[in-house]
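Encoded as structure tokens, the structure appears first; notes follow it.
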Amino acid sequence: MAYNIEQLRDHGDEEYESETMQQMRLEEKMAVLVGSLETLAKEQVSKKSNIEDRWLKDLRQFHGKYETDVLSKLSAANKSQIFVNYTRNKSNSWEARLSDMLFPTDDKNWGIKPTPSPELATALKDGNEQAGAVQDEATKRASAMDREIEDQLREASYNIKNRDAIHDSCVLGSGIIKGPTASAKNKRQWRQGEEGHELAEISDPRPDWSRVDPWNYFPDMNARTKDECEFEFERHLLSKKEMRKLAKQPGFDKKAIQEVLKEEARENIPDYIQQVKAIVDDGQSLEAKYVVWEYHGPLDGNDLMQLLQALGKDEEAYEMEEEFDPLAEMQVIMWFCQNKVLKIGMHPLDSEDSMYSVFNLEKDDSSVFGFGVPYLMRDSQKSLNGAWRMIMDNSALSTGPQIVVNTDIIEPMDGNWNLTARKVWKAKLRNGQGLDHAFKAYSIDGHQQELIQVINLAKQFADDETNLPLVAQGESGAHQTQTSGGMSMLMNAVNVVFRRVVKNFDDDVTIPNIRRIYDFNMQFSQKEYIKGDFEIDARGSSVLLVREVQAQNLMQMAMQFSAHPVLGPLTKTPELYRSLVQAHMLPADSIVKTDEELQQEAEAAAQNPPPPDPEMVKMESAMQIEKLRGDMAVAVAEMNRDTQMMKLAEQKNMQLEELKARLGIAKGNADSKERMFAAEVGLKQQEGEGI
């Protein structure tokens, strides 16, 4: 609001005049401060223009479109304009491979674990200060923190937004994730009302993440790495409807947004939007939008206090003056549009870590932004296109001969010099002299085989430049092996390159984001049982990457060691099988029985022994029958023996002593035969015969 001296004098109140003049000065300083930040933002936009020009080329290449100047030259020369889009295949393969490794459906690429010597904020009682008790309590709290963070990430669709960022990194070279920020979403809940259940929306502030469009992210362009950035800008292009939604979010100044909406958008739509639309569709013009800047960076303490006073936040300014040194710099987050401050606040985290994480597929030593697949294989794609265009042009020329017509000898009756079937020609010379030389044909040689070799070489160069051979895409290509061990070694060699990229993702995205949400919970959460001295365990490169090799090794262990007489009892078979199922990317909980289920089954089996095996009962019955048969045979043999001996005694009138001696010898022989018969029966039963 503008004032003049006459208006101030009319009030007749010197105190009011002094306050008004002070407010005017504060508003002028605020306008100067916002103007300087807007100028700083536009400087970063200008410095980033070369990178955005490269991105436009990458997008054209990804969508299989030629540059405008190249297309015009090909059209003017009447040459083939075909584009062999090998870039999209490689980009999508990289994206799918990374998404599958970093965000599987049955596991996560991070974990929370206590430090080697944890220090708990809450003191333990009853003399439990021993290392073991502290370690157990820290492990329990770390597990609780792990579950809390996993729930927060799932509700924020963290994996989905990271997969979008991975797509950006594969195509443009850089993917940006922002968070955790306080979610402004309301939670829908059914409540019991007077007339039944009613749907209500309640405030449910939770940590949230967002994928940031690389075109709208402007860090300190003088920095070479993310850690060197002193400030960061994010550009928001909002319509009037989106501006009204912004006014409903907590912390935004509704009055300032209303003043902005009274004006028309001052700035034009950024050029890249129209050019991107021209690549993917017809490139229709777009309506104007408001350019809202979000600034993350330092602000002089004195400037911040004056800015808060100009916005009418005297209480916050006073509290800041009491707690902070006005001459010190403080990290703030400020939204502004068309010289109006829409929102301002201190950095939400005490750690003051940047809220942005940048992942580069291939890093650039001179910039925060990296290189994507289209840039890495640009020359190979050009060679591939050039060779294929030559094949098409050469095929068009070599399919038919070039005809030379002597116009002094003949002329067409219809006046049209094009060659057609059953065409009538008129001889100009008398008696048809020289008609043999009226036409002459010249054949154009075909060079398809030589050009195909160029195409194959260009594709091989593209594989090497992108570090993505065919075997990593699921195709055998030239790498064929007949043994599982050979394939395991081959996949392990291929995974070396992936391991480097996944490690970069762990360092640049996973660890910073999980550390920030850990700090967020330590600072704001009301759940004391999740708080402790923990560290982040990024497992992308150490666990998820080597699933193929792990699956093969686990299968070998399950087949060779589980039934081993010495190693088998030492092997935890359920855990081995559970790890094998997880290595095949299957949900282990729905396939393998849990330890509780196994224990319950063991207890039930002990209380209720299973019925005897019918086969064992049948075998025991057969053995008893054979034993009875043997006993009967022995008894019959003894009876026959006694009978024969009696007859012999009568015939030879033997003495009693001699008869007893012979009976003893006969009985020994009978016992020996009985033992031999029993041994023979047992041997047959073991071999499965005679049953």
Side-chain angles (χ1 to χ4, degrees), residues 51 54-55 58 90-104 107-111 153 158-179 209 211-214 217 219-220 223-229 232 353-377 463-469 472-473 491-518 535-549:
I51 295 177
R54 186 186 76 206
W55 287 355
D58 293 341
K90 287 296 181 183
S91 301
N92 290 341
S93 297
W94 256 110
E95 177 186 348
R97 185 74 172 173
L98 289 177
S99 299
D100 183 61
M101 289 186 299
L102 291 169
F103 301 102
D107 202 352
K108 59 182 187 293
N109 62 341
W110 58 271
L153 296 180
Y158 177 78
N159 290 2
I160 297 176
K161 294 166 183 176
N162 269 275
R163 282 193 286 267
D164 293 339
I166 289 175
H167 172 78
D168 294 334
S169 66
C170 291
V171 177
L172 302 179
S174 300
I176 299 108
I177 287 292
K178 174 186 176 184
W209 281 261
R211 167 257 178 189
V212 179
D213 189 350
Y217 175 66
D220 181 2
R224 297 183 305 165
T225 63
K226 180 69 174 56
D227 295 335
E228 294 180 2
C229 293
E232 295 163 294
D353 290 339
S354 172
M355 307 295 286
Y356 297 90
S357 297
V358 181
F359 166 63
N360 297 324
L361 184 70
E362 187 71 24
K363 292 188 176 184
D364 181 4
D365 294 335
S366 62
S367 173
V368 175
F369 300 99
F371 304 107
V373 173
Y375 178 84
L376 296 177
M377 59 173 294
D463 294 345
D464 295 339
E465 290 166 350
T466 59
N467 289 316
L468 190 69
Q473 297 178 233
M491 290 303 301
N492 194 28
V494 171
N495 283 337
V496 170
V497 177
F498 290 113
R499 191 175 293 113
R500 179 180 68 89
V501 178
V502 172
K503 181 60 178 174
N504 289 341
F505 189 91
D506 286 346
D507 296 340
D508 298 338
V509 178
T510 301
I511 293 178
N513 273 285
I514 303 302
R515 182 186 295 119
R516 289 198 295 266
I517 186 57
Y518 163 69
E535 62 183 13
I536 312 303
D537 180 21
R539 306 195 303 246
S541 59
S542 61
V543 177
L544 305 178
L545 180 62
V546 292
R547 279 179 176 264
E548 296 89 350
V549 180

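Just so you know, these numbers come straight off a predicted model, no measurement behind them.
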Separation between CG of Leu98 and CZ of Phe505, rounded to the nearest 0.5 Å: 8.5 Å

Could you give all pairs that pass the salt bridge (charged side-chain N to carboxylate O under 4.0 Å, His left out) test and reach residues 163-175, with sequence neighbours left out? Asp168-Arg211

To the nearest 0.5 Å, how far apart are CG in Leu102 and OG in Ser99? 7.5 Å

Got a second to check how far Leu172's CG is from Trp55's CH2, nearest 0.5 Å? 6.0 Å

Is there a side-chain contact between Lys90 and Asp463 in this structure, where contact means two heavy atoms from C-beta onward sitting under 4.5 Å apart? yes

Which heavy-atom pair separates Ser169 from Phe359 by the least distance, and what is that distance? OG-CE2, 3.4 Å

What orientation do Tyr217 and Tyr356 show, parallel under 30°, tilted 30 to 60°, or perpendicular over 60°? tilted

By side-chain hydrogen bond (donor to acceptor under 3.5 Å, both in side chains), Ser91 pairs with (sequence neighbours left out) none

Salt bridge (Lys or Arg N to Asp or Glu O under 4.0 Å) involving Arg515 - partner list, sequence neighbours excluded: none

Quick one: are Asn162 and Trp209 in side-chain contact, heavy atoms under 4.5 Å? no

pair Phe103-Asn109: side-chain heavy atoms closer than 4.5 Å: yes

Shortest non-hydrogen pair, Glu362 vs Leu376, comes out as CG-CD2, 4.2 Å

Looking only at non-hydrogen atoms, find the nearest pair between Asn467 and Arg500 and report the distance. ND2-NH2, 4.4 Å

Distance col, row Ile166:CD1 vs Arg97:CZ, nearest 0.5 angstrom, shows 13.0 Å

If you round to the nearest 0.5 Å, how far is CG of Asp506 from CD1 of Ile536? 12.0 Å

Tell me, do Asp364 and Phe369 make a side-chain contact under 4.5 Å, heavy atoms counted? no

Under the side-chain hydrogen bond (donor to acceptor under 3.5 Å, both in side chains) test, residues paired with Asn504 that sit two or more places apart: none

Minimum-distance pair of heavy atoms, taken over all atoms of Pro512 and Ser357: CB-OG, 3.9 Å

For Val368, is there any backbone N or O sitting under 3.5 Å from a side-chain donor or acceptor partner on Asn360? yes

Can you see which heavy atom on Ser174 is nearest to which on Val358, and at what distance? CB-CG1, 4.4 Å

For Tyr375, does the OH atom sit with more than 12 other heavy atoms under 6.0 Å from it, leaving out its own atoms? no

Residues that Asp508 engages under salt bridge (Lys or Arg N to Asp or Glu O under 4.0 Å), provided they are two or more places apart: Lys363

Can you measure from CD1 (Ile511) to CD (Glu535) and round to the nearest 0.5 angstrom? 10.0 Å

Heavy-atom check, side chain of Tyr158 versus side chain of Asn513, under 4.5 Å: yes

Could you tell me which residues satisfy side-chain hydrogen bond (donor to acceptor under 3.5 Å, both in side chains) with Ser354, sequence neighbours excluded, listed by chain and number? Lys226, Glu232

Does the side chain of Val501 reach to within under 4.5 Å of the side chain of Leu361, using non-hydrogen atoms? yes

Considering non-hydrogen atoms only, spot the tightest contact between Pro219 and Cys229 and give its length. CB-SG, 3.8 Å

